[in-house]
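Below is one structure; the comments refer to it alone.
Quantities reported herein were computed from a predicted structural model and do not represent experimental measurements. Excluded from the calculations below are hydrogen atoms, water molecules and symmetry mates; all remaining heavy atoms, backbone and side chain alike, are included. Just so it is clear: chains get the letters A, B, ... in the order the sequence lines come, proteins before strands, and each one is counted from 1.
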There are 2 protein chains.
Amino acid sequence: MEYNNVCQPRKTENPMGDDLTNVSDALRTDATTGILGYRLRRAQLSVFQRFLQVFEEMRLRPAEYSVLLLIADNPGRKQTEIADALGIKRANFVTLIHALQARGFLERRAAAGDRRANALHLTEEGVQFLAAARARHEDMEQQLLDQLGGEASRSQLLMLLERLG
Amino acid sequence: MEYNNVCQPRKTENPMGDDLTNVSDALRTDATTGILGYRLRRAQLSVFQRFLQVFEEMRLRPAEYSVLLLIADNPGRKQTEIADALGIKRANFVTLIHALQARGFLERRAAAGDRRANALHLTEEGVQFLAAARARHEDMEQQLLDQLGGEASRSQLLMLLERLG
DNA sequence: AAACATTGTTATATTCCATAGCATTGGCCG
DNA sequence: CGGCCAATGCTATGGAATATAACAATGTTT
C-alpha cells in the first residue's frame with residue numbers, strides 16, 4: 001500500500017555544507033495520512049473542536065446534544081434505552097441526565113408499569129433550548145458542507161462512515 | 001464498548017394509536033444519523049476499538065503506532081517536532097516516548113547543535129517491531145477496505161476526511 | 001550582560017470512559 | 001406464595017487522554 005516500505009530517511013545529507021542548527025523543514029507525514037483510523041480521529045477531533053467552540057456559550061456538549069435530540073424524538077423512553085442507543089454506559093449516563101435535568105431541560109417521570117425505570121421527557125424549556133441548539137447546529141453543518149465541497153460529498157461521506165460503524 | 005444496534009426490528013406502525021405500556025421497540029435515530037460529528041465519532045470509535053483489539057497482544061496503542069511511524073520516516077527529529085506533527089502536547093508526549101524507549105524501541109540521542117533537544121531514532125528492535133505492526137495493520141486496513149466496498153470508496157473517504165482536518 | 005524564547009520535564013486538574021457493586025424492582029418458575 | 005435471577009438507576013472508583021502551569025537548562029536576541 002502507500003505506507004509500507006516507502007520511505008527511507010530522505011533527510012540524508014545536507015547537499016551544502018552541513019549546518020544542522022537550522023531550517024527544520026516539514027516532516028514526512030505520508031505514513032500517517034493513508035491510515036483510516038488516523039484520518040478519522042483528526043477529522044472527528046476537528047469537528048468536535050468546532051462544536052465545542054460554537055456551543056460554548058450555550059454550555060452544550062456533543063453528547064448532551066445527542067441526548068436531547070434522541071429524547072425529543074422518543075419521549076417517554078427509559079434511561080437505559082436512550083443510553084444504549086447512543087453507546088453510553090448507563091452508569092455514565094446518570095451524571096449526564098442529571099445535569100440536563102438540573103438545567104430544567106428534561107424530566108424523569110416514573111415509568112408506567114415499572115417503578116424502577118425513569119421515563120425521559122423534555123420540558124418546554126428543553127424543547128426551546130433544543131430548538132435554539134438545532135438552529136445553531138444547522139449553521140455549523142452548513143459550514144462543514146461547504147468544507148466538503150457540496151451536498152453530494154457530504155452524503156457520500158455519511159454513507160461511507162455508516163459502513164464503518 | 002457497546003455498539004449501536006444497526007439492524008433493529010422495524011417499528012411496527014400501530015394504527016390503534018398509542019398506548020404507554022407498549023413493547024419497547026426500536027428508537028427513532030434519524031436525528032443523529034444525519035449529524036456529521038456524530039457519525040464521525042461512531043466510526044472513529046469503531047475503528048479504534050478494532051485497533052486496540054488487534055494490537056492488544058503487541059501492547060501498542062494508536063498514538064504509539066503513529067509515533068513510531070513518524071520517527072521511522074523522520075529520524076533525528078526533536079521531540080517537539082514529532083509531537084506537534086501529531087497534535088500531541090509536548091508535556092504528554094514525554095510519557096509516551098519514555099514508554100517506547102523503556103521497551104527498547106527508540107533512543108533519545110543528544111541533538112547535534114542543541115543540548116536541550118533530544119533527537120529521536122528507532123532502534124533496530126524498534127524497526128523490527130514496527131515492521132511487525134505494519135504487517136498486522138495492513139490486514140486491518142484491508143478489512144476496513146472490504147467494509148467500505150472497495151479501493152475507490154476508501155480513497156474517496158480519505159479525501160473527504162482530509163477536507164475536514 | 002540582560003531579557004526573552006525554546007526544550008524537555010514534572011506535577012496537576014479535568015474530562016471521558018469502563019468496571020464493580022449496591023438497593024430496588026420486575027419476571028419467572030418451582 | 002417464596003426463591004432466584006435479571007433489569008434499572010445509582011454511587012464510587014480507576015484508568016486513560018488531554019490541558020495547563022511551572023521549572024531548569026539551554027539557546028537566541030537585544
Side-chain angles (χ1 to χ4, degrees), chain A residues 19-24 37-38 41-42 44-46 48-49 51-53 56 59-67 76-102 106-120, chain B residues 1-3 21 23-24 37 41-42 44-46 48-49 51-53 55-56 59-67 76-102 106-120:
Chain A
D19 69 327
L20 304 171
T21 70
N22 61 356
V23 282
S24 74
Y38 182 78
R41 173 126 181 91
R42 300 292 288 219
Q44 183 255 317
L45 237 56
S46 171
F48 263 51
Q49 205 58 35
F51 188 100
L52 291 176
Q53 179 184 343
E56 188 182 13
R59 292 190 316 159
L60 187 67
R61 282 168 303 177
E64 297 176 323
Y65 182 51
S66 64
V67 167
R77 293 299 191 130
K78 297 185 289 185
Q79 288 186 195
T80 324
E81 291 180 301
I82 303 290
D84 281 351
L86 294 171
I88 303 176
K89 294 264 181 292
R90 71 182 195 277
N92 301 322
F93 196 65
V94 174
T95 317
L96 226 169
I97 275 300
H98 282 195
L100 291 175
Q101 185 185 27
L106 55 84
E107 294 174 341
R108 291 179 301 152
R109 303 182 192 157
D114 192 337
R115 275 183 293 178
R116 298 168 301 175
N118 294 332
L120 300 180
Chain B
M1 171 56 62
E2 21 192 344
Y3 292 120
T21 67
V23 265
S24 79
R41 173 125 182 92
R42 299 294 289 216
Q44 183 255 319
L45 239 54
S46 171
F48 263 51
Q49 203 58 35
F51 188 101
L52 291 176
Q53 179 184 344
F55 287 94
E56 188 182 13
R59 293 189 316 161
L60 187 68
R61 281 168 303 176
E64 297 176 323
Y65 183 52
S66 65
V67 167
R77 292 300 191 126
K78 297 184 289 185
Q79 288 186 195
T80 323
E81 292 179 299
I82 302 290
D84 281 351
L86 293 172
I88 303 177
K89 294 263 180 294
R90 72 182 194 280
N92 301 322
F93 195 65
V94 174
T95 317
L96 225 168
I97 275 299
H98 282 195
L100 292 175
Q101 186 186 25
L106 55 85
E107 294 174 342
R108 291 179 301 151
R109 302 181 193 159
D114 192 337
R115 276 182 295 176
R116 299 168 301 176
N118 295 331
L120 299 181

Donor-acceptor contacts, no H, no angles, side chain residues 88-99 of chain B, under 3.5 Å, sequence neighbours left out:
| from | atom 1 | to | atom 2 | distance (Å) |
| --- | --- | --- | --- | --- |
| H98(B) | NE2 | R108(B) | NH1 | 3.0 |

*asked:* Please encode protein proximity along nucleotides 5-18 of chain D as a string of B, S and -, counting only heavy-atom distances under 4.0 Å.
replied: -BBBBBB----SSB

*Under the ring pair (Phe, Tyr, Trp, His ring centres under 6.0 Å) test, which residues partner Y65(A), sequence neighbours left out?*
F51(A), F55(A), H137(A)

*What integer distance in Å separates F93(A):CZ from dC16(C):P?*
14 Å

*Taking only residues two or more places apart in sequence or in another chain, which ones pass side-chain hydrogen bond (donor to acceptor under 3.5 Å, both in side chains) with R116(B)?*
D114(B)

_Nearest-Å distance for atom pair CZ/P, residues F51(A) and dC16(C)_ = 12 Å

*In chain order, what residues pass the ring pair (Phe, Tyr, Trp, His ring centres under 6.0 Å) check against F48(A), with sequence neighbours excluded?*
none

*Below 4.0 angstrom, N of the basic side chain to O of the carboxylate: do E81(A) and K78(A) qualify?*
no

*Would one find a side-chain N or O of R115(B) under 4.0 angstrom from OP1 or OP2 of dG27(D)?*
yes

*State which residues pass side-chain contact (heavy atoms from CB on, under 4.5 Å) with R115(B); sequence neighbours excluded, sorted by chain then number.*
none

*What integer distance in Å separates F48(A):CZ from dC17(C):C1'?*
14 Å

